[in-house]
Structures are given as structure tokens and as C-alpha cells.
Visitor: 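Handing you a structure now.
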Amino acid sequence: MQNDEYDLDALREQRLKAARRVVIKVGTSTVTGTKGALSAERMEPIASSIARLMTAGRQVVLVSSGAIGLGRSLLQLHRSRLNDLVTKQACAAVGQSLLMDAYKSLFATWGVKVAQVLLTEDDFSNWRRYSNLRHTIEKLFGFGVLPIVNENDTVSTRELESVVPGTQATAFSDNDRLAALVMSGLEAEALVLLTNVDGLLARSPLGTDGRSDNDPLPEIIPLVTEVTDELKLLATGPSASGRGGMVTKLDAAEIAMNCGGTAVIGNGHSPNILDRLFAGDRVGTAFLPSKRIRGKRRWIAYAAEVRGRVVVDGGAEQAITQRKASLLASGVLRVDGHFIPMDVISIVDRHGREFARGLANCASHDTEEVLGKKIPRADKGKHGRAPAILVRRDNIVLLQKT
């Protein structure tokens with residue numbers, strides 16, 4: 001057991017030291033102070049660390065929260081006013097320029113030029129725009145510029161809306177997931193999520209699980225190789241200042257793991273946290289990769305917007321999940337929603353549980369027409385043509401059932 005832990009620690013150190021392309025996300029609790037203004041005390045050390053990483057030849061993307069908080073502070077609004085969506089959008093419009101001005105000044109000290117990259121869910125749900133985003137950021141890398149990414153909250157509402165538990169979101173609902181999708185699209189090797197705690201706690205924070213002041217402090221889980229349901233139970237809800245929380249960080253870390261990358265949850269208030277992480281120090285909670293979904297299949301699984309769904313029988317589910325087969329018309333029970341060829345659709349079992357996604361081979365109305373004429377399974381061999389393929393196996397990605 002000790003040898004296994006040593007091997008995993010060595011792998012963590014090796015991967016973080018070797019990571020050449022990294023995505024760093026800073027949360028609202030790190031970017032802003034208690035009154036909503038930028039916290040120079042916390043952000044100056046982070047900016048200097050990012051500058052050193054870039055000087056050492058690493059390509060860095062910074063995903064930053066904080067615009068709404070900065071806007072609220074300038075407008076002198078009470079936090080309760082942010083319960084109104086339009087007010088949030090107005091604060092974002094005010095805060096974005098403040099945030100970029102602050103970053104421009106911070107990074108100018110080290111001679112680093114910055115670029116603002118504002119995104120909406122359409123930049124991820126559309127394959128062409130998803131690909132163009134990578135090309136743009138890689139061009140910025142070539143110019144030696146630091147891309148600073150955030151959602152365009154002024155026109156997009158999806159990130160600002162509450163996250164519904166138990167659903168598999170397609171676009172991003174918080175900056176943690178946004179950072180993971182940026183990492184996925186760029187095929188970066190590491191994702192660092194900086195927050196106001198030292199990592200994933202082995203127990204819930206004080207006051208949430210009945211512990212008293214006299215109980216020992218919870219331990220940090222140093223390494224994770226699988227995000228289990230038990231692990232998710234340890235996570236808490238959204239923080240007071242931001243929209244995310246440990247749950248969204250676990251979701252983001254899981255995306256990174258499935259994309260073949262290493263994720264780390266660390267404390268953005270800790271001195272030199274980034275220097276220590278990429279030097280291989282054992283700080284924070286590291287999530288080591290379990291598998292690697294590549295290319296377009298990664299986009300299908302995590303970024304694309306689902307346009308419709310098909311309900312399949314048990315035979316089709318078994319063929320897809322166990323034999324890696326295509327989805328045939330003979331296994332479809334029902335079509336829900338409207339979609340066209342190459343739209344991403346959800347594949348669910350007869351109980352409505354999603355287990356896969358894929359690119360539709362034909363439109364929903366054509367699929368329904370095929371279903372109306374489909375050949376019973378027992379008679380398939382008596383006909384001269386093969387049953388219609390609704391989703392080809394190369395365009396199917398398996399998911400965990402929700």
C-alpha cells in the first residue's frame with residue numbers, strides 16, 4: 001500500500017513538473033476581498049508565479065472569476081441585489097473592464113501582455129466555434145500573451161443560473177467547469193483550481209456535519225484516482241461570494257481526468273502555491289488521469305449542446321455499452337425533440353437514464369419515419385438491406401448513468 005502511494009505521489013510530481021500547457025482558475029474568494037474589491041494581497045503573488053511559469057516556457061491560460069463582485073463593489077450594491085439576474089449582468093458589464101484593468105496593471109510589472117477572452121455556451125456547443133477558440137488561444141500563445149478567460153455574463157445567462165443537482169450539464173454553469181472545458185479544448189496537461197481551502201477535505205467544514213470546536217481539523221485528501229459518489233458527499237455547496245463550490249470543482253476535476261490531464265484543487269491564499277505545485281510539492285488535492293477521451297468524442301461528452309434524445313431498449317443498450325456497437329433503428333423505442341444530422345443527441349434507457357451521447361446520423365423526422373417502418377428484430381435476416389444506423393459507433397461516447 002505504501003509503495004502504491006509512493007508511486008502515485010511520484011506520478012503526480014512527474015506530471016505537474018512536465019506540464020507545458022496549463023489552465024489556472026482563480027475563484028471569486030481569491031480574486032476579491034470581503035467588500036468585493038480586487039485583493040492585491042492575494043493576486044500579486046499569483047500573477048508573479050504565472051509570469052515565472054511563462055518565462056520557464058509553459059503556456060498558461062488564466063480563467064478568472066470576480067467581475068460581478070468588482071461591479072457590485074463599484075456600484076455599492078448589497079449582496080442581496082445579486083439575486084436578480086439582470087442586476088448580475090449589469091454588475092458583470094461594469095466589473096469586466098475593472099477586472100481586465102487590474103490584470104493589465106498586475107502583469108505589466110513582469111512584462112506580460114494580457115488578452116481578454118469572453119465566452120458564451122455557444123462557443124463550446126458549436127463544433128466550428130469550439131475549434132476556432134483553440135486556434136485563437138494558440139495564436140495568443142505564439143505572441144507570448146496570457147489569455148484571461150471568463151464567460152460573457154453580460155449576454156449569457158447560463159452560468160448565472162443555479163446549478164440543478166443530478167443533471168449532466170452540457171455547457172458550463174460555473175467557471176470551474178468553464179476552466180475544465182478550456183483545458184479539454186486546448187488538450188492542456190494540467191488544470192489548477194484555486195479556492196479558499198487547502199483542498200478536498202476528508203470531512204465537511206466546521207458547522208456542517210455536527211462537529212464542535214474541540215474536534216480535530218479535517219485532513220486534506222492528497223490524491224484522488226476516481227471521483228466516486230462517496231467523494232462527492234464530502235463536497236459542500238456554493239460559496240458565499242461565488243457560484244461554484246467543491247461540487248463543481250469535483251466535476252471539473254473529473255472532466256480533466258477523463259481528458260488525460262492532472263487536476264489540482266489548492267488554496268489561492270497560500271503563499272507561492274503555484275510555484276510549489278509545479279515544482280512537484282505535495283500540496284492541495286491532486287486528481288490523476290484515469291482515461292483519455294480524444295478529439296471530437298471529448299467535445300460530444302462535455303461541451304456540445306444536446307439537441308434531442310432517443311430512448312432505446314435493453315438490447316441496444318447492451319450492444320452499445322458492452323460490444324461498442326452503433327445504434328440501429330431496430331433498438332430505438334422513441335425519439336424526443338428535434339435535431340438534424342450531426343447534432344449531439346442523448347441516448348437513454350427505457351427508464352430515462354442517460355448512458356451515452358452521440359452525433360445523429362439523420363434528422364429527428366427521418367428517424368421517426370424509419371421507426372414507423374422498422375423491421376422487427378426476429379425478421380432482420382429476411383430482408384435484403386441492413387437496418388438504418390442512427391448513431392455510428394465512432395461518434396458515441398459512454399457516460400455514467402445519472
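The structure presented is a predicted model; accordingly, all values stated were derived computationally and were not measured. Heads up: numbering here begins at 1 and tracks the sequence.
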Visitor: Search all heavy atoms of S29 against all heavy atoms of H269 and return the closest pair with its distance.
Guide: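 S29 and H269 have their closest heavy atoms at O-NE2, 3.2 Å.
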Visitor: Between the main-chain N or O of A51 and the side-chain N or O of T55, is there a donor-acceptor pair closer than 3.5 Å?
Guide: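 Checking the backbone N and O of A51 against the side chain of T55, a donor-acceptor pair under 3.5 Å is found.
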Visitor: Evaluate the side chain to side chain contact (heavy atoms under 4.5 Å, CB included) criterion for residues L250 and L200: first the C-alpha distance (whole Å), next the side-chain angles of each, then the deciding distance (0.1 Å), finally the verdict.
Guide: CA-CA 9 Å; L250 285 181; L200 179 62; 4.0 Å; yes
Visitor: Please list, chain by chain and in numerical order, all residues satisfying salt bridge (Lys or Arg N to Asp or Glu O under 4.0 Å) with R58, sequence neighbours excluded.
Guide: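 If we apply the salt bridge (Lys or Arg N to Asp or Glu O under 4.0 Å) test to R58, skipping adjacent residues, there are no hits.
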Visitor: Within the 4.5 Å heavy-atom criterion, are I320 and L398 side-chain neighbours or not?
Guide: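 Counting from C-beta outward, I320 and L398 do come under 4.5 Å.
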Visitor: Would you indicate whether R134, at its atom CZ, is surrounded by more than 12 heavy atoms from other residues, nucleotides or ligands within a distance under 6.0 Å?
Guide: yes
Visitor: Keeping R81 on the side-chain end and T87 on the backbone end, is there a donor-acceptor pair under 3.5 Å?
Guide: no
Visitor: Applying the side chain to side chain contact (heavy atoms under 4.5 Å, CB included) criterion to S364, which one of R307, E369, H338 satisfies it?
Guide: H338
Visitor: Below 4.5 Å, heavy atoms only, C-beta onward: do E317 and Q322 meet side chain to side chain?
Guide: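 Result no, sub-4.5 Å side-chain heavy-atom pair not found.
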Visitor: Any donor-acceptor pair under 3.5 Å linking the side-chain atoms of S64 with those of Y103?
Guide: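 Short answer, yes.
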Visitor: Any side-chain heavy atom of T262 within less than 4.5 Å of one from R12?
Guide: no
Visitor: Assess, by modelled atom type and distance only, whether the side chains of N152 and T120 contain a donor and an acceptor separated by less than 3.5 Å.
Guide: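 No, because no side-chain N or O of N152 sits under 3.5 Å from a partner of the opposite role on T120.
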Visitor: Keeping R357 on the side-chain end and V397 on the backbone end, is there a donor-acceptor pair under 3.5 Å?
Guide: no
